J.: 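My questions all concern the structure below.
This is a predicted model, so every value here is computed, not measured. First the proteins, then the strands, lettered A, B, ... as listed; each starts at 1.
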Amino acid sequence: MKITLKVWRQKDAQSKGRFETYTLNNINEHMSFLEMFDVLNEELIQKKQEPVAFEHDCREGICGTCNMVINGQPHGPMRGTTTCQLHMRHFKDGDTIVVEPFRARSFPIIKDLVVDRSAFDRIIQAGGFISVNTGQAVDANAIPIPKEVAEAAFSAAACIGCGACVAACPNASAMLFVSAKAAHLNQLPQGKVEAKRRVQAMVKQMDAEGFGNCSNVTACEAECPKEISVVNIARLNREYFSSVVGSETVV
Amino acid sequence: MSWVTRFLTSSLGKKFVMSLTGLFLILFLVVHLAGNLKLLPAFAHDPADAPGMAFNEYAHFMTTFPPIKVISYGLYLFILIHAVQGWILWRQNATARGSIGYAVKNLRAVNTNARIAAGMGWLGTIIFVFIVLHLYQFWLQMKLGNLPMTDYGAGPIKDLYYIVAETYRNPVFVIIYAASMVVIGFHLWHGFQSAFQTLGLNHKKYTPAIQFVGKMYAVVVPLGFALIPILMYLQSLNA
């Protein structure tokens, strides 16, 4: 396959970036999108040029690092797919593909396609955990959890924290991420205890990080590689209102 | 900062205010449409009545009955809150994207129209401009008394029907009105169901019904509004 790439190149956070065009003549359709970038980078290194910086780790769709916006879509055109799991067979021979980094004020660019997503870490530090001060793990069946609840919590827990929701949202809102993390913990008995405090703390941190406000565009769900539903956002909304207005908890 | 202030200035609190004021305005539109229908001869109490009698009596009641007056002040306030808050959110959301946007835009959505959902700020601004024109044309003239009086046997009352009929003799105003109703329809297409989602009311059993009612509402109500001046214009051609 012949592929023309227009890739955003930016030396560092302070520099001004620009698009560079590269042509790759020998791309195998079974390659993943990242493997195509590996080929590009090898060519660039051979030509003594700076390779394109992009994040990647597991390459099996669970680490949430391979973030790029491909032709205007975070993680590319396939639904429920991370960039590393996106294959070149979904493109046509001769295609021009525009690759940009995630764009959000709260995700500053570090280099080329790599952005700093530590805002997400700070939201997790604010409330995305349970305070369990015990030794041994209890038997899995000691606490009965209805199947529907376990499934709802699990589908929220599938969030890999990649930030595609922020990148896709016209408002750069982090609501899908925050709501998934809250829905994962708040529904289970171990997490329920701290739910009231958790939702207030996480929303407070989310706002402090400068993410936009959710206006229910639902682009987040459409682009989420784990297909997390905006049902979680509604859940966070009502849990937040009931915590702020209906409980004594103040964060 | 008290918990109330913190709530109302949080991103979720601001959206909460948007959804509640929005739902109030949605209810108001139904009442307003019911009143406007009295402009048409088909909705007169008696076909033999003078044209606009039902409408003028209704307008007189709405502007003089104290509880309605109180609600009307609430309405002005809610329109302003919804507009100002909307602009603040729009501004903040644009800033959150950062200084450089995407070179290629490709917006997908689930169960709503992405373009409408992302364009609520623009749609709302057009609606606001329309409301200002609308208030100037009718509300202000009513308040200032720049209109003739009429009498149906229960004392003189303001003939609002007269200036409405005069205004929609002019096809330009009919077109502006109808076009604004299309914009309101788009705004409601997203806004109706979005208000429920923001309040946290997303439920497997009820959400399909909410989305259906919302889409019906977004078509039927603006269409009802738009038909009135169009019919009045056609009437004026025959007169």
Side-chain angles (χ1 to χ4, degrees), chain A residues 6 8 16-17 19 69-73 77 79 98 100 103-109 166-175 199-200 203-204 206-207 210-223 229-242 244-245 249-251, chain B residues 1-4 6-16 18-20 85-86 88-121 124 190-191 193-204 207:
Chain A
K6 281 186 162 178
W8 184 262
K16 241 185 107 175
F19 281 102
V69 175
I70 301 160
N71 286 338
Q73 290 171 319
R79 294 225 169 186
V98 181
E100 301 170 76
R103 300 277 188 205
R105 195 182 50 166
S106 310
F107 287 169
I109 292 180
V166 175
C169 178
N171 308 338
S173 163
M175 277 294 276
V199 288
Q200 287 194 40
V203 168
K204 190 178 174 188
M206 172 182 80
D207 289 351
F211 290 105
N213 308 282
C214 176
S215 54
N216 304 321
V217 178
T218 67
C220 51
E221 180 179 333
E223 301 301 345
S229 167
V230 293
V231 163
N232 294 306
I233 295 182
R235 170 181 285 278
L236 177 64
N237 287 338
R238 60 176 184 268
E239 286 182 344
Y240 181 77
F241 300 143
S242 97
V244 174
V245 182
T249 309
V250 176
V251 174
Chain B
M1 219 186 328
S2 86
W3 69 269
V4 182
R6 195 174 308 142
F7 170 58
L8 292 176
T9 52
S10 73
S11 61
L12 272 65
K14 278 182 281 197
K15 294 296 302 182
F16 183 74
M18 285 305 276
S19 84
L20 287 186
Q85 183 90 289
I88 292 172
L89 288 165
W90 194 17
R91 215 42 268 135
Q92 282 181 341
N93 291 343
T95 320
R97 168 94 300 145
S99 51
I100 306 173
Y102 290 113
V104 181
K105 289 195 179 77
N106 198 344
L107 197 57
R108 292 191 288 194
V110 183
N111 281 330
T112 188
N113 183 300
R115 277 168 199 279
I116 296 175
M120 290 299 271
H190 176 71
Q193 51 91 19
S194 180
F196 288 89
Q197 166 80 3
T198 296
L199 290 178
L201 301 168
N202 188 327
H203 191 283
K204 234 182 221 167
T207 299

J.: Test your reading of the model: is there a side-chain donor-acceptor pair from B:R97 to the backbone of A:C169, 3.5 Å cut-off?
T.: yes
J.: How many angstroms lie between OG in A:S215 and CE in B:M18, if you round to the nearest 0.5 Å?
T.: 9.5 Å
J.: Is it the case that the side chain of B:Y102 and the backbone of A:R103 share a donor-acceptor pair, with hydrogens and angles ignored and the cut-off at 3.5 Å?
T.: yes
J.: Side chain from CB out, backbone as N, CA, C, O: work out which of these in A:V244 comes under 4.5 Å of a heavy atom of chain B, or both, or neither.
T.: both
J.: Hey, which of B:S11, B:A94, B:G101, B:S10 has the most heavy atom pairs under 4.5 Å with chain A?
T.: B:S11
J.: Just give me the residue among B:A118, B:A114, B:A103 that pairs up with chain A most often, heavy atom to heavy atom, under 4.5 Å.
T.: B:A103
J.: Evaluate the ring planes of B:F16 and A:F241, with Trp represented by its six-membered ring, and classify them as parallel (under 30°), tilted (30 to 60°) or perpendicular (over 60°).
T.: tilted
J.: What residue, out of B:Q193, B:K204, B:H203, B:K15, has the most heavy-atom pairs lying under 4.5 Å from chain A?
T.: B:K15
J.: Determine the option with the most heavy-atom pairs under 4.5 angstrom with chain A, choosing from B:L12, B:N202, B:T9, B:L107.
T.: B:L12
J.: Just how far is it from atom CD of A:E221 to atom OG1 of B:T112, taken to the nearest 0.5 Å?
T.: 12.0 Å
J.: Just give me the residue among B:I116, B:L89, B:T207, B:N113 that pairs up with chain A most often, heavy atom to heavy atom, under 4.5 Å.
T.: B:L89
J.: Carefully, step by step, assess B:N111 and A:T218 under the rule side chain to side chain donor-acceptor pair (under 3.5 Å).
T.: CA-CA 8 Å; B:N111 281 330; A:T218 67; over 6 Å; no
J.: What part of B:K14 lies closer than 4.5 angstrom to a heavy atom of chain A: side chain, backbone, both or neither?
T.: side chain
J.: Does any heavy atom of chain A fall under 4.5 Å from the side chain of B:H190, the backbone, both, or neither of them?
T.: side chain
